[in-house]
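Values in this document were obtained by computation on a predicted structure and should not be read as measured data. What's counted below: heavy atoms across the whole structure, side chains too, no hydrogens, waters or symmetry copies.
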Amino acid sequence: MSRFFRGVAILWVALRYGLDELVLSGFSRPWVRGFTRVITIGRRLDAPRGQRLREALQQLGPIFVKFGQVLSTRRDLLAPDIADELALLQDRVPPFDPAIAVATIERSFRRPLDEIFVSFEREPVASASIAQVHFAVLRDKQGREREVAVKVLRPGMLAAIEKDLALMHMVAGWVSRLSADGRRLKPREVVREFDNYLHDELDLLREAANAAQLRRNMAGLALVLIPEVFWDWCHSDVLVMQRMKGLPISQIEALREAGVDIPRLARDGVTIFFTQVFRDGFFHADMHPGNIMVSTEPETFGRYISVDFGIVGSLTEVDKEYLAQNFTAFFRRDYKRVAELHVESGWVPADTRVNELEGAIRAVCEPYFDRPLKEISLGMVLLRLFQTSRRFQVEIQPQLVLLQKTLLNIEGLGRQLDPDLDLWSTAKPFLERWMREQLGPRRLWRELQAEAPRYAKLLPELPRLLHGYLRRGPQAESAELRQLLAEQQRTNRLLQRLLYAWLGFVLGLVVFQLIVRIRVL
């Protein structure tokens, strides 16, 4: 019943903000326009359409806000007025009462606010769907005053998300039962992955751990800054980390006036993304403009600043190698290898004809090479690949859903920064270098170093183990073999007895039936 009422609530919000009119108004047929005018009678829809869509998503809750955040980066797919309004969802969701934030902090640490921070700004500086952020100053263990950002979880988030997730699970079940194509899309697995990531985002301790891991991974790459986490002031509802100073990446004119090299910034963004995905297998998976700034400090000028690490993606070594081979073959226009990889991975049926799949992939991808980003839409490429995957029964991989979402975010961001960016030529050298490291002597050396502790323990024991084996000789081995043969013989005898008993039981039934029939006759 709760899912039913949630569905009714979603429908009511859609009607209240005229989302039905927003969808139908895009059709040019006269009868559709006439129907739209009829269903809007009695409703006041004076507000601009972008504002109505944004307010509806805010009203529906955090899951819908995140959907709006993803859409806001796709200005190639949206009208400018809608994209501008949805961009406000990135960090301008209406904040909750600062008194609630203070109460959450004091309850988490069981101390008054004045004993935790030297100063605390009650007015939030940013507010998103899951939490809001306040600036503060604290005194660390060395007695130094440090400027920090305090992230506080919104109250009642778990209950709100659980309702929407329950509805999504129900709809996914319907989709998977209705058709074979629905099962191919694996909606249940995709929703389950989404469920896990959202619940992880509600635990700010997990976000702090994600930030610490990314900070370590990116320490040697002088392109991005990750804030330091202050673990003594972290809780599942409160996260305290280093305050980062910079300009939001969406303020491109302000960045240009400050002297930031915008084309280089776009190239660096591609490098950071592919480094996190293919080198580390651990990547920031919520890279909308509200979570990215550019440093204006002299010592780190022009570097990216990443914040909000509630959603991260991870890939296994198998996933990384498979994706890297796909990308490398794609950049080389080796569509036959792309098709072979799909068959080898089991993503398509084993009896798929490689030459047919190769031709379909070539038809989708070939028109987009040698073009700047402004003339490419990865959204359209993915859509056409999706249509191709349906024809060849390609199974959707739930573990890659976050990667696809992040790739779309990266493309949208790159399009805003430098429409002339050649995405392929920027990424190709990185992937080819990574593949050489994976298949060459460097990987062998890394694996030897990783296994060195085991070898160090095994090598001193090796002479003793070899001496013990030689002293036992073939007699000990034959004794063990005789023991195994004896056990096998006992097992065989037991099976024979069971077989004889079963045969005797069957013969008894046959004799009993014959006696009964003779008496009847």
Side-chain angles (χ1 to χ4, degrees), residues 184-201 203 206-207 209-221 224 226 270-287 306 309-331 337-350 382 385-386 389 394-410 427-428 430-454:
R184 180 182 66 83
L185 298 178
K186 297 185 178 180
R188 288 176 173 172
E189 290 82 352
V190 171
V191 172
R192 193 178 302 122
E193 288 279 320
F194 194 46
D195 190 332
N196 291 337
Y197 291 126
L198 278 175
H199 279 91
D200 290 347
E201 195 174 7
D203 184 355
R206 184 178 289 271
E207 179 177 343
N210 293 339
Q213 180 68 54
L214 281 170
R215 182 179 170 87
R216 284 195 300 274
N217 291 349
M218 296 289 102
L221 190 69
V224 60
I226 309 292
V270 175
T271 301
I272 292 167
F273 170 72
F274 281 98
T275 301
Q276 290 184 357
V277 171
F278 292 106
R279 190 194 70 181
D280 305 324
F282 190 82
F283 59 95
H284 193 308
D286 200 14
M287 296 183 68
S306 290
F309 311 96
I311 301 180
V312 297
S314 59
L315 299 173
T316 65
E317 289 298 321
V318 174
D319 289 334
K320 284 163 53 179
E321 186 167 340
Y322 171 76
L323 286 170
Q325 289 189 50
N326 262 283
F327 273 109
T328 304
F330 175 70
F331 291 144
R337 182 55 184 155
V338 175
E340 289 173 345
L341 286 166
H342 275 68
V343 176
E344 291 171 9
S345 66
W347 286 17
V348 297
L382 289 176
L385 283 175
F386 177 78
S389 72
V394 179
E395 290 192 354
I396 300 301
Q397 302 301 307
Q399 75 274 20
L400 302 183
V401 170
L402 270 183
L403 180 63
Q404 294 164 352
K405 165 187 173 294
T406 308
L407 186 58
L408 291 177
N409 280 346
I410 291 295
K428 181 181 176 181
F430 175 88
L431 282 173
E432 290 182 336
R433 183 172 64 254
W434 184 86
M435 286 296 294
R436 287 195 298 269
E437 292 176 353
Q438 291 301 302
L439 301 177
R442 291 185 181 180
R443 179 172 183 175
L444 176 61
W445 177 243
R446 285 199 307 270
E447 291 183 354
L448 288 173
Q449 287 180 313
E451 294 293 332
R454 293 181 61 187

Legend entry - CZ (Arg279) with more than 12 external heavy atoms under 6.0 Å: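 Enclosed: over 12 neighbouring heavy atoms sit under 6.0 Å from CZ of Arg279.
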
Contact summary for [X] and [Y], nearest pair of heavy atoms:
X	Y	answer
His284	Ser306	CD2-CB, 4.1 Å
Gly313	Ala285	N-CB, 3.8 Å
Ser314	Phe283	N-CE2, 4.0 Å
Asn210	Phe309	ND2-O, 3.0 Å

Legend entry - Contacts of Gln276 that satisfy side-chain hydrogen bond (donor to acceptor under 3.5 Å, both in side chains) - sequence neighbours left out: none

Inset, instruction - Could you tell me whether the side chain of Leu315 reaches within less than 4.5 Å of the side chain of Phe278, counting heavy atoms only? - result: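 Counting from C-beta outward, Phe278 and Leu315 never come under 4.5 Å.
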
Legend entry - Nearest-0.5 Å distance, CD1 of residue Ile272 to CG of residue Leu214: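 Reported value, rounded in 0.5 Å steps: 11.0 Å.
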
Legend entry - Within residues 212-221 or reaching into it, pairs that qualify as side-chain hydrogen bond (donor to acceptor under 3.5 Å, both in side chains) - sequence neighbours excluded: Gln213-Arg216, Gln213-Asn217

